[in-house]
Amino acid sequence: MAALMFLRGSASFESSLHDEEKAALQLLKQAKAVVAVVANSRDAECAFCGMYRGPIFRSDEGLMVQCPDCGPFALDPASQRSWRLDDEWLIRKLRGALEISPHAAFTQIVDGVWDIGRHKKRPVVLARRIDLVERHGLRIFHGPEPRSQSWVITPRPLVRAPLEPLAGTATWWQLEDRFALHGLALRLLDPDHGEKTDDLQDNTPGEAFHGPFTEDFTWVHLEGWPYGPIRLTEAQAHLFSALWKHRNQPQSAEFLMREAGLASERPIDVFKVKAANRGDPVYEGPLQAYELLVSRQRRHGLYRLKL
């Protein structure tokens, strides 16, 4: 409900909502997520035919509506109540869910699109609709403040959209799928998902440069792997880069994850394969590379490349 109201950006009449939507609206009211919109005191929709709007007038019986077809009837004040989602409330809650400092500034890039801060060192862009991001992509990602490899958060589109409309430019999160309201707090669901499924800018594998890795560590050429070069997510590439940089000296997991700029506790965390993706070389390949190229001294908890 919150995502739908945010997508619309305009007020919703309470009387036009279904029972389930009215129940959701009550929860949003309790969370102070919606604000009342000044009621239209001039005319109202007919409560009987629903086809016409008639002028509101005062009589001895109270406020009345004059439908041109059905005639006069008593105005139900509830029919005039309308609400809109408080955009700043959503921004505050998203920043809290993503652990963005409340003191960090957020800015409006264009109407309906905001830069709300940084999550895991990457910009976070919030927009009412994904088509707004596509339309203003040049300004959002390549303008005075370039925002490469952003997290882009929008409500789920009302019409079918390409599976990866921002592939190679940003990671798209649909608001309803990635966040949930628990009590008065908004929470990020599956916080490691973004690290594991990031798409990279270039889908063309480069040549091996650092041992089996390409120059930017986004691909690895693994001997004996039958499916060709293995594409790595950004998190996996950063971790292999840290391992390569310190390949002459075993390092602790804490040091490597900090060096790679990752929030997970162990290197294996960014290579785990979900049950739904098991058997898929796209997901199994990075794990195979990790298992064959990285050694762990279990006694001391140290990691290094087998190169």
Side-chain angles (χ1 to χ4, degrees), residues 98 118-125 141-142 146-152 163-164 166-173 178 188 190-274 277-278 280-296 302-307:
L98 297 172
R118 300 293 180 271
H119 172 62
K120 296 184 179 180
K121 300 183 179 181
R122 294 167 58 180
V124 181
V125 174
F141 303 115
H142 307 287
R147 299 176 180 85
S148 61
Q149 294 303 301
S150 301
W151 309 104
V152 172
L163 292 178
E164 293 294 342
L166 306 177
T169 304
T171 301
W172 181 27
W173 282 355
R178 298 309 312 276
L188 174 63
D190 192 9
D192 293 329
H193 179 78
E195 286 184 354
K196 296 172 188 172
T197 60
D198 275 349
D199 281 329
L200 304 173
Q201 290 188 2
D202 189 2
N203 287 334
T204 305
E207 298 295 326
F209 186 86
H210 302 293
F213 304 102
T214 56
E215 187 171 6
D216 58 1
F217 290 92
T218 56
W219 294 85
V220 56
H221 297 260
L222 192 63
E223 186 175 351
W225 180 250
Y227 302 101
I230 298 169
R231 186 175 65 165
L232 303 173
T233 67
E234 184 180 8
Q236 294 163 355
H238 285 175
L239 181 59
F240 273 128
S241 177
L243 283 162
W244 177 265
K245 180 179 178 181
H246 301 281
R247 62 190 180 280
N248 296 322
Q249 181 67 39
Q251 301 293 339
S252 67
E254 181 182 4
F255 175 86
L256 289 169
M257 301 310 279
R258 185 172 64 250
E259 182 84 358
L262 303 175
S264 303
E265 295 182 358
R266 302 175 302 160
I268 188 62
D269 290 342
V270 297
F271 293 91
K272 289 179 179 177
V273 179
K274 290 185 176 182
N277 298 323
R278 287 175 187 164
D280 187 336
V282 172
Y283 298 93
E284 296 283 0
L287 177 61
Q288 184 76 359
Y290 175 81
E291 291 177 344
L292 292 180
L293 298 177
V294 179
S295 67
R296 178 188 177 190
L302 301 176
Y303 298 78
R304 70 177 302 170
L305 286 175
K306 302 176 185 176
L307 299 173

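Along the sequence shown, residues are numbered consecutively beginning with 1.
Pairing each heavy atom of Thr218 with each of Thr214, the nearest pair is N-OG1, 3.3 Å. Residue Glu265 comes nearest to Ala253 through the heavy atom pair O-CB, 3.7 Å, listed as atom of the first residue, atom of the second, then distance. Shown here for Pro286 and Leu232, the closest heavy-atom pair between the two residues is CB-CD2, 3.9 Å. Taking each heavy atom of Ala208 and Gly211 in turn, the nearest pair found is CB-O, 3.3 Å.
At a threshold of 4.5 Å between non-hydrogen side-chain atoms, the residues Leu305 and Val294 count as touching. Under the 4.5 Å side-chain criterion, counting only non-hydrogen atoms from C-beta, Gln236 is not in contact with Val220. Counting only heavy atoms from C-beta outward, the side chains of Leu243 and Leu293 never approach each other to under 4.5 Å. Arg147 has its side chain within reach of Val125: a pair of non-hydrogen atoms, C-beta onward, lies under 4.5 Å apart. Between Arg118 and Pro123 the shortest side-chain heavy-atom distance falls below 4.5 Å. Taking the side chain as every heavy atom from C-beta outward, Lys272 and Leu287 never approach each other to under 4.5 Å. Considering only heavy atoms from C-beta on, Tyr290 stays 4.5 Å or farther from Val270 through its side chain. Contact check for Arg122 versus Glu234: side-chain heavy atoms found under the 4.5 Å cut-off.
For the atom pair CD (Glu259) and OG (Ser252), the distance works out to 10.5 Å, reported to the nearest 0.5 Å. Considering NZ of Lys120 and CG of Leu98, their distance stands at 9.5 Å, rounded to 0.5 Å. A distance of 7.0 Å separates CG in Asn248 from CZ in Arg304, rounded to the nearest 0.5 Å. Residue Tyr303 holds its OH atom at 9.5 Å from CG of Leu239, rounded to the nearest 0.5 Å. Interatomic distance, CG of Leu256 versus NE2 of His238, reported as 14.0 Å (0.5 Å rounding). If you take CG on Leu166 and CZ on Phe141, they are separated by 5.5 Å, rounding to the nearest 0.5 Å.
Environment of OH in Tyr227: sparse, with no more than 12 heavy atoms of neighbouring residues, nucleotides or ligands closer than 6.0 Å. Atom NZ of Lys121 has 12 or fewer neighbouring heavy atoms from other residues, nucleotides or ligands inside a 6.0 Å radius. Crowding of Glu291 atom CD: a count of heavy atoms from other residues, nucleotides or ligands under 6.0 Å exceeding 12.
The closest donor-acceptor contact from the side chain of Trp151 to the backbone of His119 lies under 3.5 Å. When atom types are taken as modelled, the side chain of Arg231 and the backbone of Trp219 share no donor-acceptor pair closer than 3.5 angstrom. Using modelled atom types, no side-chain atom of Gln249 and backbone atom of His246 make a donor-acceptor pair closer than 3.5 Å.
Relative ring orientation between His210 and Trp244 is described as tilted, the plane-to-plane angle lying within the 30° to 60° band. Ring-plane geometry between Phe213 and Phe240 is classed as tilted, the angle between the planes lying from 30 to 60 degrees on a 0 to 90 degree scale.
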Q: Report the C-alpha distance between Leu307 and Arg247 in whole Å, list the side-chain angles of each, state the deciding distance to 0.1 Å, and finish with yes or no for side chain to side chain contact (heavy atoms under 4.5 Å, CB included).
A: CA-CA 8 Å; Leu307 299 173; Arg247 62 190 180 280; 5.6 Å; no
